[in-house]
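Not measured: the values here are computed from a predicted model.
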Amino acid sequence: MRVIPETQLYNFKVNKVELIESLKRMAIMVDKKSGRIFFNICPGVLKLTSQESDSGDAEVEIPCEYAGDEITIAMNFRYIEEPLKAMNCDRIKFEFSGEMKAVTILSEPAEDYFHIVMPMQM
């Protein structure tokens, strides 16, 4: 099995600062054990939600560039937050092929660095 996908069918782009700020706000409400956050991707809007935990649940929406059917992917927010710190760009591109397939995180425009994240069970 390949860890790095050869091709991915879909992608969405977001502003890096908006994504980092949204993840920071959500970190308070994310279940500390799983770190699971849901990325609900729709044309024009990325909705980040956390599962209900002891402290409640959270929902944040930020604009995104996406042309495709609505999809939800669950990922560990720490695995999204950490690579963003190493990326020196204004926009971030997420490439994916489905809910349970590897997600590639790249800077936009692309540089030498990219990060692969495996989704979590819903």
- Task: Could you pull out the closest heavy-atom pair between Pro43 and Gly68, with the gap in Å?
- Result: CG-O, 3.4 Å

- Under 3.5 Å, side chain of Thr49 to main-chain N/O of Glu59, donor-acceptor pair present? no

- Message: Suppose we screen for salt bridge (Lys or Arg N to Asp or Glu O under 4.0 Å). Which residues come up paired with Arg36, at least two apart in sequence or across chains?
- Response: none

- With sequence neighbours left out, the residues meeting salt bridge (Lys or Arg N to Asp or Glu O under 4.0 Å) with Lys47 are none

- Message: Looking at every non-hydrogen atom in both residues, tell me the closest pair between Pro63 and Glu18 and how far apart they are.
- Response: CD-OE1, 3.5 Å

Please tabulate, for side-chain N and O atoms in residues 104-116, each donor-acceptor pair with protein atoms closer than 3.5 Å (sequence neighbours left out).
unit_1	atom_1	unit_2	atom_2	d
Thr104	OG1	Gln8	OE1	2.8
Ser107	OG	Pro109	O	3.2
Ser107	OG	Glu111	N	3.3

- Here the pair of heavy atoms bringing Gly98 nearest to Ile73 is O-CD1, 4.1 Å

Result block: side-chain N/O donor-acceptor pairs under 3.5 angstrom for residues 76-85, not counting sequence neighbours:
unit_1	atom_1	unit_2	atom_2	d
Asn76	OD1	Arg78	N	2.9
Asn76	OD1	Arg78	NH1	3.4
Asn76	ND2	Ser34	O	3.3
Arg78	NH2	Lys32	O	2.8
Glu82	OE2	Lys85	NZ	3.0

- Item | Met26 versus Ala58, closest heavy-atom pair with distance | CE-O, 3.7 Å

- Task: For Glu70, check salt bridge (Lys or Arg N to Asp or Glu O under 4.0 Å) against everything at least two apart and list the hits.
- Result: none

- Go through Phe94 and Val14 one step at a time and tell me if the side-chain contact (heavy atoms from CB on, under 4.5 Å) criterion holds. CA-CA 8 Å; Phe94 288 76; Val14 292; 4.2 Å; yes

- Check Cys42 against Cys64 and note the closest heavy-atom contact, atom names and distance. O-SG, 3.6 Å

- Residues two or more places apart in sequence or in another chain: which of them pass side chain to side chain contact (heavy atoms under 4.5 Å, CB included) with Val45? Glu61

